[in-house]
Amino acid sequence: MAKYLLLKHYRGAPTPVNDAPMDQWTPEEISAHMGYMHEFAAELEKTGEFVDGQALAPEGTFVRYDGPGRPPVTDGPFAETKDLIAGWMVIDVDSYERALELAGKLSAAPGKGGEPIHEWLELRPFLSAPPTITE
């Protein structure tokens, strides 16, 4: 089995087909979307392919140790992940093809008007071992 991370983005990925931000959805549309996500995870729990998943709050802070007596850095030259990453799911599947299949199904979660979002998800494999250094 191989683990993959499915990342849901607020922005930064190509524009989804149903591109209405969630703050413009009705409570019923949000409930339908969240219900789809829960049903998707429950199906994967039954097959043993679900590892974990979470939606992320929009708040967040960058922190970096800069030495004794120096405050942490909270803003930097990079985009803040709180503006980019909406949530994630970790799956453990038999093949890359299965990971693609599941990412496609997750991409079809309903959005505004009950229509599938067809959002782009980032599919990233976990390293099974540390990279080797060749000289």
Side-chain angles (χ1 to χ4, degrees):
M1 302 275 283
K3 289 183 182 168
Y4 289 87
L5 175 66
L6 300 171
L7 279 176
K8 294 175 67 67
H9 293 269
Y10 284 121
R11 61 184 177 90
T15 304
V17 173
N18 188 354
D19 190 31
M22 193 177 270
D23 63 359
Q24 296 176 10
W25 299 5
T26 65
E28 294 80 16
E29 291 165 341
I30 293 171
S31 291
H33 179 81
M34 297 309 294
Y36 184 96
M37 301 298 290
H38 289 290
E39 288 174 19
F40 182 79
E43 286 178 32
L44 296 182
E45 284 176 344
K46 288 178 188 171
T47 63
E49 296 172 309
F50 181 80
V51 175
D52 197 7
Q54 297 291 320
L56 298 174
E59 307 83 36
T61 303
F62 270 102
V63 177
R64 181 184 78 196
Y65 178 73
D66 255 355
R70 299 174 78 184
V73 175
T74 58
D75 286 313
F78 307 107
E80 299 224 18
T81 56
K82 65 185 176 197
D83 295 332
L84 300 176
I85 300 172
W88 51 271
M89 183 177 287
V90 177
I91 56 175
D92 194 357
V93 295
D94 287 328
S95 67
Y96 175 70
E97 289 73 21
R98 177 67 175 153
L100 287 175
E101 176 187 344
L102 293 175
K105 187 173 180 180
L106 186 59
S107 168
K112 184 84 174 149
E115 296 297 317
I117 299 172
H118 295 293
E119 67 183 326
W120 290 89
L121 299 173
E122 186 176 351
L123 177 64
R124 302 211 28 208
F126 279 57
L127 286 175
S128 57
T132 56
I133 300 172
T134 58
E135 293 182 36

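We use all heavy atoms of the structure for the numbers below, so side chains are in, but hydrogens, waters and symmetry mates are not.
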Under a single-linkage definition using a 4.5 Å side-chain heavy-atom cutoff for Ile, Leu, Val, Met, Phe, Trp and Tyr, are Leu44 and Tyr96 assigned to the same hydrophobic cluster?
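Yes, Leu44 connects to Tyr96 through the hydrophobic network.
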
State plainly whether one hydrophobic cluster holds both Leu100 and Phe50, where clusters connect Ile, Leu, Val, Met, Phe, Trp and Tyr through side-chain heavy atoms under 4.5 angstrom apart.
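Leu100 clusters together with Phe50.
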
At their closest point, which heavy atom of [X] faces which heavy atom of [Y], and how far apart are they?
{"X": "Val51", "Y": "Lys3", "answer": "CG2-CE, 4.4 Å"}
{"X": "Ser107", "Y": "Leu121", "answer": "N-CD1, 3.8 Å"}
{"X": "Tyr36", "Y": "Leu106", "answer": "CE2-O, 4.3 Å"}
{"X": "Ala32", "Y": "Pro110", "answer": "O-CG, 3.7 Å"}

Enter the distance from Glu119:CD to Lys8:NZ here, rounded to the nearest 0.5 Å.
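Answer for the CD-NZ pair, Glu119 versus Lys8, is 3.0 Å.
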
Surrounding CZ of Phe126 (heavy atoms of other residues, nucleotides or ligands, distance under 6.0 Å), is the total greater than 12?
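Count over threshold, so yes.
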
Please work out which of the three classes, parallel, tilted or perpendicular, describes the rings of Trp25 and His33, given edges at 30° and 60°.
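Plane angle over 60°, so perpendicular.
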
Determine, stepwise, if the pair Gln54 / Trp88 fulfils side-chain contact (heavy atoms from CB on, under 4.5 Å).
CA-CA 6 Å; Gln54 297 291 320; Trp88 51 271; 3.6 Å; yes

Ion pair Glu49/Arg98, N-O distance below 4.0 Å:
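Yes, charged N to carboxylate O under 4.0 Å.
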
Between His118 and Asn18, does the side-chain contact (heavy atoms from CB on, under 4.5 Å) criterion hold? Intermediate values first, please.
CA-CA 7 Å; His118 295 293; Asn18 188 354; over 6 Å; no

